Amino acid sequence: MQEKVLSNKKNGMAVLLLTSLLYLAAIAGLVFGCIWTERAATTGGALALPVVLLVISGVWLLAGWIPFFGLKVLKPQEALVLTLFGKYVGTLKNEGFYFVNPFCTSVNPAAKTRLNQSGDVDGGERKPLVLSAVQPQMNIELANRKISLKIMTLSNNRQKINDCLGNPVEIGIAVMWRVTDTAKAVFQVDNYKEYLSLQCDSALRNIVRIYPYDVAPGVDTTGDGIADEGSLRGSSEIVASRIRDEIQMKVADAGLEIVEARITYLAYAPEIAAVMLQRQQASAIVDARKMIVDGAVGMVEMALERLEGNKAVSLDDERRAAMVSNLLVVLCGNHDAQPVVNAGSLY
């Protein structure tokens, strides 16, 4: 199905003025026809002309409203897909005042579909209809068949997915998208908004299953057979780009363009979040201890070199070992050391 853009139909104002003038002429013809017929009946004149005038005026007054159904107004970044007795006629895409065949009908199967955080947001909730003074306006909005060409945002619900190590994680994405081919969007799929939402969920699962949450040894995330350091937390830009490409490949036949995809939420699932937090804390403590020990050993070596270089004190192996032990205890301890004054000899 190829999109056909109708760009030569911007004569809505001329048709509106012409139809309105013809209505005024029909009313005037009806009035003058009645007067003419009455005079001809009293004077015995010919009735053919006034009767024809009355018939033409009456027929136009009865059927002259039909052209008004062919008047279409489009705002910027809006489109209207038209069919005539089931056949695709074309698409009105540019802003303006159009006149088309009054018997053409507009088609938009996703007109009443609501997506989270999109241009037609309702939060995904089905609220009961309330009868009030604004009810007619609501019905008019729900019956709107125009297709928005603006960039819209889809934020599906958070999903629980197992990463490549089998750990359940919760992840959410925001997808910026727009309609590029209205004919494909309307006729290639049943409902392009629901189709997009489903493909976003599927692509998200396919990509997340390739990556671990954190960097893990021996994991290949690129498919080249070589282990790398890719992860959901550390490679979010790459993951989002792969998700976007995956969605674009699936929705190309529906006339949709995926502008961008972003990860909006990422966390371990609640059932393992506490355990993973302890694991991260333990890893952080080990790294911190390793850094403290490395620094303490360097400081002890420097202290011994300075003492021996300045010949401030002469240490045998036993005294050297005792000093190293004391310095390491002071430097690596969690609490401040309590000083002890030695007033005598070490022996």
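We count residues from 1, following the sequence as given. No experiment lies behind these values; they were computed from the predicted model shown.
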Rounded distance (nearest 0.5 Å) linking atom CG of Leu256 with atom CD of Gln188: 11.0 Å
Partner of Leu204 under side chain to side chain contact (heavy atoms under 4.5 Å, CB included), chosen from Ile243, Ile247, Ile263: Ile243
Spacing of CZ belonging to Phe68 relative to CG belonging to Leu71, to within rounding of 0.5 Å: 7.0 Å
Donor-acceptor under 3.5 Å (Ser235 side chain, Ile238 main chain): no
Spacing of CG belonging to Leu22 relative to CD1 belonging to Ile56, to within rounding of 0.5 Å: 11.5 Å
Atom pair CG/CG of Leu196 and Asn156 - distance to nearest 0.5 Å: 7.5 Å
Ser106 side chain to Leu80 backbone, donor-acceptor under 3.5 Å: no
Donor-acceptor contact present, side-chain Gln248 to main-chain Ile258, <3.5 Å: yes
Residues Arg244 and Glu246 bridged, charged N to O under 4.0 Å: no
Contact list for residues 87-96, test salt bridge (charged side-chain N to carboxylate O under 4.0 Å, His left out), sequence neighbours left out: Glu3-Lys93
Test ring pair (Phe, Tyr, Trp, His ring centres under 6.0 Å) applied to Tyr265 - qualifying residues, sequence neighbours left out: none
Counterpart residues, ring pair (Phe, Tyr, Trp, His ring centres under 6.0 Å), relative to Phe187 (two or more places apart): Tyr88
Please tabulate, one pair per line, all N/O donor-acceptor pairs under 3.5 Å involving side-chain atoms of residues 217-229, not counting sequence neighbours.
from	atom 1	to	atom 2	distance (Å)
Asp220	OD1	Thr222	N	3.2
Asp220	OD1	Thr222	OG1	3.2
Asp220	OD1	Gly223	N	3.1
Asp220	OD2	Gly223	N	3.4
Asp220	OD2	Asp224	N	3.3
Asp220	OD2	Gly225	N	2.9
Thr221	OG1	Asp228	OD1	2.6
Thr221	OG1	Asp228	OD2	3.2
Thr222	OG1	Asp224	OD1	2.8
Thr222	OG1	Asp224	OD2	3.3
Asp224	OD1	Ile226	N	3.1
Asp228	OD1	Gly230	N	3.0
Asp228	OD2	Thr221	N	3.1

Pairs meeting criterion ring-ring contact (aromatic ring centres under 6.0 Å, His included) with involvement of residues 212-237, two or more places apart: Tyr213-Tyr268
Pairwise salt bridge (charged side-chain N to carboxylate O under 4.0 Å, His left out) hits with a residue in residues 151-168, at least two apart: Lys160-Glu271
Residue pair Phe103 / Phe85: nearest heavy atoms and the distance that separates them: CB-CZ, 4.2 Å
Any donor-acceptor N/O pair, Thr180 side chain to Gly255 backbone, under 3.5 Å: yes
Within residues 165-188 or reaching into it, pairs that qualify as salt bridge (charged side-chain N to carboxylate O under 4.0 Å, His left out) - sequence neighbours excluded: Arg178-Glu257
Side chain to side chain donor-acceptor pair (under 3.5 Å) contacts in which one or both residues fall within residues 66-86, not counting sequence neighbours: Thr83-Thr105
More than 12 heavy atoms of other groups within 6.0 Å of Met299 CE: no
ring-ring contact (aromatic ring centres under 6.0 Å, His included) partners of residues 217-252, not counting sequence neighbours, each pair once: none
Short side-chain to backbone donor-acceptor contact, Ser20 and Leu16, under 3.5 Å: yes
Residue pairs passing the salt bridge (charged side-chain N to carboxylate O under 4.0 Å, His left out) test where at least one lies in residues 194-219, sequence neighbours excluded: Asp214-Arg233
Steps toward side-chain contact (heavy atoms from CB on, under 4.5 Å) verdict (Asn167, Asn162): CA-CA 5 Å; Asn167 298 321; Asn162 291 339; over 6 Å; no
Side chain Thr19, main chain Val15, donor-acceptor under 3.5 Å: yes
Interatomic spacing from CG in Leu82 to OH in Tyr98 - rounded to 0.5 Å: 10.5 Å
Residues, nucleotides or ligands: over 12 heavy atoms within 6.0 Å of Asp294 CG: yes
CG on Leu92 to NZ on Lys10, rounded to 0.5 Å: 10.0 Å
Single hit among Thr182, Val251, Ile147 for side chain to side chain contact (heavy atoms under 4.5 Å, CB included) with Tyr192: Ile147
ring-ring contact (aromatic ring centres under 6.0 Å, His included) partners of residues 226-264, not counting sequence neighbours, each pair once: none
Members sharing Ile151's hydrophobic cluster (side chains within less than 4.5 Å): Met176, Val259
